[in-house]
Every structure is written in structure tokens, then in C-alpha cells.
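Report on the following structure.
Chain naming here is simple, since letters A, B, ... match the order of the sequence lines and numbering starts at 1 in each.
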2 protein chains.
Amino acid sequence: MDSLEIEPSLNFCQACAVRNRAICADLDEDELGLLNAIGRRKRLQAGEQLLWEGDDAIIVANVVEGVLKLSTQTADGREQILGIVYPSDFLGRPFGETTPYGVEAITDAQVCVFRRTDFDRFAREHPRLEHKLLERTLAELDRTRRWMVLLGRMNAEQKLATYLVETAERLIPANCKESELGDERSLTLPLSRQQMADVLGLTIETVSRHMTKLKNDGLIGLPGRRELTINSLKALAERGG
Amino acid sequence: MDSLEIEPSLNFCQACAVRNRAICADLDEDELGLLNAIGRRKRLQAGEQLLWEGDDAIIVANVVEGVLKLSTQTADGREQILGIVYPSDFLGRPFGETTPYGVEAITDAQVCVFRRTDFDRFAREHPRLEHKLLERTLAELDRTRRWMVLLGRMNAEQKLATYLVETAERLIPANCKESELGDERSLTLPLSRQQMADVLGLTIETVSRHMTKLKNDGLIGLPGRRELTINSLKALAERGG
DNA sequence: CGTTCGGTTTGACCGAAATCAATGACGTCG
DNA sequence: CGACGTCATTGATTTCGGTCAAACCGAACG
């Protein structure tokens, strides 16, 4: 091992937690080495901002670990969260001039960042990567459009029920591999009440009230502020319309 | 019948109204010929459905002329429009199993349709096309996310003002090339009141009431049901928050 | 052990938009 | 032309979620 600087980075992608799920999944070893050369790991603490809305789009990134939010400010200063990203998700705006949303770590996180211009060039030269990125973007567009239905047509209870079900589905497989007995789930919510409100287009009070209501109706349990148990995923999903 | 819909091929793309704006823009003549071979023109009447939500994703298409809506039904039977597409826009779900939304022509329209499997293969073999598609999808995702702010955080008046401004901006350059005197615009609305409600996550009554209010406030004129004049685009945009 | 502080819950009240209902305008077709 | 059907407007009322305000709770700290 003649160079501690280069060698470790070469193995880096191969050891990456999201190696097989992120956009790099289809690359061969050579390509991975090239990609690795232009990227670097970055650790973020909960609350730390990675990108600011409206800034020049200088970087893009892959999420390796943790949860981050994409959000934008309204003219009157409120926030609308545009998306929550999880490990293996891609973020930032390739082929674009400006970053269309702010990115902030919600939990401690690790991301693999690239200078946008480097990434753009690499993508154009490697159609397999670009294809992966396209598939991911199409899937993200589908998800975003489904979220429009939530924002446009659901009432507060439906929004909340839908959010809790989706969160459970995105979080449980990672935390606990074996399928739980029956329909029950228990998890730690990644978002505060205020953040949930910002995702759902509600206020914190409305979120709180309906959480209590769902609890009183016996659909969920709230052993702690961030703790959630779902008594019946199916019943909860039904509340989501 | 079918022979009337399939028009003679080779020169077709070159004469296409959206040749330089759609995803085919970067293709050379040979590629265009190949693409042309797998696509065909289809005319749609206003109200005609091109794709049904949940169906197998058999076709994708480019909009050549007219306006179409992408929409989905909520569990209780109401509709949420997910997007409005205009000439040169792409629609359908490449690389996907099922169509995630219904597509219906709002005006008479012409589209250039491809069997999805043909299109997918062609795209994978022609990175320039795939790149165009990626750029378009990224732009569409940005637009969709901005719409989330409208749905999640704006009141009825802001939604309506924002929608009218955006419609004017997307429609005017096409209809009338020279820039209008100052700030005034006049156009024919592509959507009915009900459709506007479905785009904005409102009811028809609320749309109607706020249209009247904007008129009474002197921001717009309504010479007919589908006719709109904007007295000051700037003032109207300010109402949009 | 009490204090403090941020996040959360709960309550009282209000207002914007939905709902229910009636009327009005317009195009079309006999 | 007149009758009908569709779409749009207007009005009355209700309801859901927002706003303002107060109480609450748990963690961190002196």
C-alpha cells in the first residue's frame, strides 16, 4: 500500500453501504474508480445544511446514510418540504444552473458529494450511469406526483395516516429484517412534529391534534414523542383514503 | 382508419412542429429515421383518453399539438390533475411497468406515440436521446415540486393568480410572437373551471368566486367563460405570493 | 433537586374553503 | 324559436384547519 491517500478511496465505493442500490450500481470496477476519483464522502450532523435554495448548483450527492429533507421557503417565510431522502437516494440538480431547493440533514448523515460539473461530464460519458439516474428521476417524479394528491385532495387525518404508513414502509425493512408479527409495527419517527407539518402542508397544532385522535381511536400508540407503534398497518392505511 | 393515422414516414420528423424542442432535438438524420420508424402520429379529439391510470405501460408519446392533462382519481372519486402537458412535452412512463396516471386530451391534439418497449430499446441505444429525456424529466420534477408549494401552502387566491400567470406564460409565446404592449395579455383558457379546480386542489365554486374577485379587483377581465385578459401580469403575479 | 428551555399538547376562537342549493348563461339540436 | 343540458355563478351554511394563547413534559444543566 504505497499511497494511503489513493488506495483507500479506490476501495471506498466497493465497501459503500449503498453500492448496490444507488445510481452507481451498474458501473464496473474501472468506472467506479473514475467516479470515486471525483467524489468524496462528507459527514453531516443533524440540522446541518448541505445546499441552499437558489445557490449556484455546484454540487450533487448520493445519500449513504441518514435522512435529509429537501425544502423551500414560501414568500411569507413558511416552509414546504418537497421531499425526504433516504440512503441510496440522489440529490441536487445535475445539468442545471441553480439548486431548486435547500437540503438539510434531519439525522446525522453521510453523503457522497460531487462537483456538479465533474458529475455532469462523467454522466455524459457513461450512459449506464445516466440511465440509472434517469430511472431514479422518473421514479422520484412518480412519487412526487403521488404526493400532490396528498397535498391537494386529502384532509389532515388522511395526510397523517398516509405519511405514517409510508414512513413505516420506508423505515421498517431497514431497521428490522424479519417481517413483524401480523400487522403491527413500531418505529422511531425521523421527523419532529413541525417537520411533519411542513411535509404535509399543515400546522404543528393540527398534526398534534390528529396524532392524538389516531391514538384515541386505537390505531396507533405514542410511547414517546418520537416513538410510534402502529397497531394495524392495514387499518391505518384505510384512514389514508 | 389506421392508415389515415399513420402518415408517410421519413420526412415526417423533419417537418414536425416540435422537431427542435422535443427530446428528438439532438438526434441526427439517421437516428431520426430510426425513431420515426417506431413511432406514429395519432390525432386526439378534445376529451379523448390516451392512457388509463394503472394500465400496463404500453405506450409513451411526445405532444406535437394541443394540451393534455395527466390525472389520477382519489379513493372518493374526485380527481387530482398531476400535470398539464403542452407541445414538445413528453408523456408516459418509460422503463416502467404501469402507467402512473391517466392522460386525456383537453383540446384537440396530436401526439407522436411509441410502443414503450420499442422506445425503451431505442433510448438505451441512443444516449443522446436518453440524455434529453433525463433533462426533461429533471425539469419536470422541478416544476412538479414547485407545484407542491402551491398545493401545500397557498390560499385559493394565490393558487388562482399563480395558475393564471403560468398559463399566460406558457400560452402567449406560442399564440402571439411579438411581445404585447407592456404588461397586458389576453388568451383563451385551455381548462374549464372544474379542471382548474382539479389542478389547484380546490372546488369549482371556490375557483369561480375568486375569478370574480380578481375581476372585481381590476386585475383581470373575463369577456367570456374561456376568455381571459390580464391587465397587469406583474400585479397578478404579486397576488400569487 | 429545582430551573429552564424547546418541543408538544390542548383549548378557545375565527376564518377560508367546502358543501348544499338555487339560479343564471350559453350552446345545441329538434 | 324554444327546450334542454352543460357549465358557471351566486348565496347560505357548515366544517375543518389555522391562529392565538396557555399549559405541559422531558431532557439538559447548574
Side-chain angles (χ1 to χ4, degrees), chain A residues 46-47 69 74 76-80 106-107 149-164 188-217 220-228 239-241, chain B residues 45-47 69 74-81 106-107 150-164 188-217 220-228 239-241:
Chain A
K69 66 172 189 186
T74 58
D76 58 342
R78 288 175 306 165
E79 185 172 45
Q80 173 69 50
I106 281 178
T107 65
V149 179
L150 177 143
L151 291 174
R153 289 299 185 202
M154 288 186 186
N155 64 30
E157 184 174 81
Q158 293 172 318
K159 287 179 178 181
L160 206 44
T162 304
Y163 168 74
L164 293 178
T188 300
L189 294 167
L191 304 190
S192 69
R193 295 288 186 272
Q194 182 60 59
Q195 288 168 333
M196 288 170 62
D198 292 335
V199 173
L200 300 173
L202 297 171
T203 59
I204 185 174
E205 294 95 329
T206 302
V207 170
S208 183
R209 270 186 253 277
H210 285 276
M211 287 290 273
T212 306
K213 181 162 184 296
L214 289 174
K215 187 183 68 179
N216 292 340
D217 291 357
I220 62 172
L222 296 169
R225 294 176 163 201
R226 288 293 183 112
E227 300 310 311
L228 173 74
R239 286 282 176 116
Chain B
Q45 292 185 306
K69 66 172 188 187
T74 59
D76 58 342
R78 288 175 307 166
E79 184 172 46
Q80 171 69 49
I81 293 185
I106 281 177
T107 64
L150 178 143
L151 291 173
R153 291 298 187 202
M154 287 187 186
N155 63 30
E157 182 174 85
Q158 293 173 318
K159 286 179 177 181
L160 206 44
T162 303
Y163 167 75
L164 293 177
T188 299
L189 293 167
L191 303 192
S192 69
R193 296 288 187 271
Q194 181 60 59
Q195 288 168 333
M196 288 169 60
D198 291 335
V199 173
L200 299 173
L202 298 170
T203 59
I204 185 174
E205 294 96 330
T206 302
V207 170
S208 183
R209 271 186 251 276
H210 285 276
M211 287 290 274
T212 306
K213 180 164 184 297
L214 288 175
K215 186 183 70 179
N216 291 341
D217 291 357
I220 61 173
L222 296 169
R225 292 178 164 201
R226 289 292 183 113
E227 300 310 312
L228 173 74
R239 287 282 175 117

Open item on the list: From CD of Glu157(A) over to P of dG17(D), roughly how many Å is that when rounded to an integer?
Closed with: 9 Å
Task: Residue whose closest nucleotide on DNA chain D lies nearer the 5' end, Val207(B) versus Ala156(A) - done: Val207(B)
Open item on the list: Please pick, from dT9(C), dG11(C), dG17(D), the nucleotide with the shortest atom-to-atom distance to any side-chain atom of Thr212(A).
Closed with: dT9(C)
Task: Under-4.0 Å side-chain N/O to phosphate OP1/OP2 contact, His210(A) with dC16(D) - done: no
TODO: Could you check how far CG of Leu202(B) sits from C1' of dG17(D), rounded to whole Å?
DONE: 15 Å
Task: base_contact_polar (dT6(D) base, Arg226(B) side chain, donor-acceptor, <3.5 Å) - done: no
Task: Residues in side chain to side chain donor-acceptor pair (under 3.5 Å) contact with Glu157(B), at least two apart in sequence or another chain - done: Lys213(B), Arg239(B)
Task: side chain to side chain donor-acceptor pair (under 3.5 Å) involving Arg78(B) - partner list, sequence neighbours excluded - done: Asp76(B)
Open item on the list: Below 4.0 angstrom, which residues in residues 189-201 of chain A have at least one non-hydrogen atom near DNA chain D?
Closed with: Gly201(A)
Task: Taking every non-hydrogen atom, the tightest pair across Ile220(B) and Met211(B) - done: CD1-O, 3.8 Å
TODO: Provide the closest heavy-atom pair for Met196(B) versus Leu160(B) in the form atom of the first, atom of the second, distance.
DONE: CE-CD1, 3.6 Å
Task: Closest to side chain of Glu205(B), choosing from dT10(D), dT8(C), dA17(C) - done: dT10(D)
TODO: Find which nucleotide of DNA chain C each of Arg153(A) and Ile204(A) is nearest to by heavy atoms, and output the residue with the more 5' nucleotide.
DONE: Ile204(A)
Task: Short side-chain to backbone donor-acceptor contact, Arg225(A) and Ser192(A), under 3.5 Å - done: no
Task: Exercise: identify the closest heavy-atom pair between Lys159(A) and Leu150(A) - done: CE-O, 3.3 Å
Open item on the list: So, OP1 or OP2 of dA16(C): does either fall under 4.0 Å of a side-chain N or O from Thr206(B)?
Closed with: no
For nucleotides 24-28 of chain D, tabulate all protein N/O to nucleotide N/O atom pairs closer than 3.5 Å, reporting atom names and distance.
from: dC25(D); atom 1: O2; to: Arg225(A); atom 2: NH2; distance (Å): 3.0

- [ ] Mind calculating the distance between CE (Met154(A)) and P (dC16(D)) to the nearest angstrom?
- [x] 17 Å
Open item on the list: In this structure, how many angstroms lie between the P atom of dA8(D) and the CG atom of Leu160(B), rounded?
Closed with: 13 Å
Task: For Thr162(B), side chain to side chain donor-acceptor pair (under 3.5 Å) partners two or more places apart - done: none
- [ ] Check for a donor-acceptor pair, side chain of Arg209(A) on one end and backbone N or O of Ile204(A) on the other, with a separation under 3.5 Å.
- [x] no
Task: With Thr203(B), the side chain to side chain contact (heavy atoms under 4.5 Å, CB included) member among Thr206(B), Val207(B), Leu200(B) - done: Thr206(B)
- [ ] Could you tell me the separation between the CD atom of Glu227(B) and the P atom of dA8(D), rounded to a whole number of Å?
- [x] 13 Å
Open item on the list: With no hydrogens and no angle check, just 3.5 Å: does a side-chain donor-acceptor pair link Thr188(A) and Glu227(A)?
Closed with: yes
Task: Any side-chain heavy-atom pair of Leu202(B) and His210(B) under 4.5 Å - done: no
TODO: Give the minimum heavy-atom separation between Pro190(A) and Ile106(A), together with the two atoms involved.
DONE: O-CG2, 3.2 Å
Give every pair of a protein N or O atom and an N or O atom of nucleotides 3-5 of chain C that lie under 3.5 Å apart, one pair per line with the distance.
none

Open item on the list: Between C1' on dC16(D) and CZ on Arg209(A), what's the gap in Å once rounded to a whole number?
Closed with: 11 Å
- [ ] May I ask you to verify if any side-chain N or O of Thr203(A) is less than 4.0 angstrom from the OP1 or OP2 atom of dT19(D)?
- [x] no
Open item on the list: Between C1' on dT10(C) and NZ on Lys213(A), what's the gap in Å once rounded to a whole number?
Closed with: 16 Å
Task: Spacing of Met211(B) atom CE relative to dA17(C) atom P, expressed in whole Å - done: 16 Å
Open item on the list: Can you tell me which nucleotide in dT19(D), dT10(D), dT9(C) comes closest to the side chain of Ser208(A)?
Closed with: dT9(C)
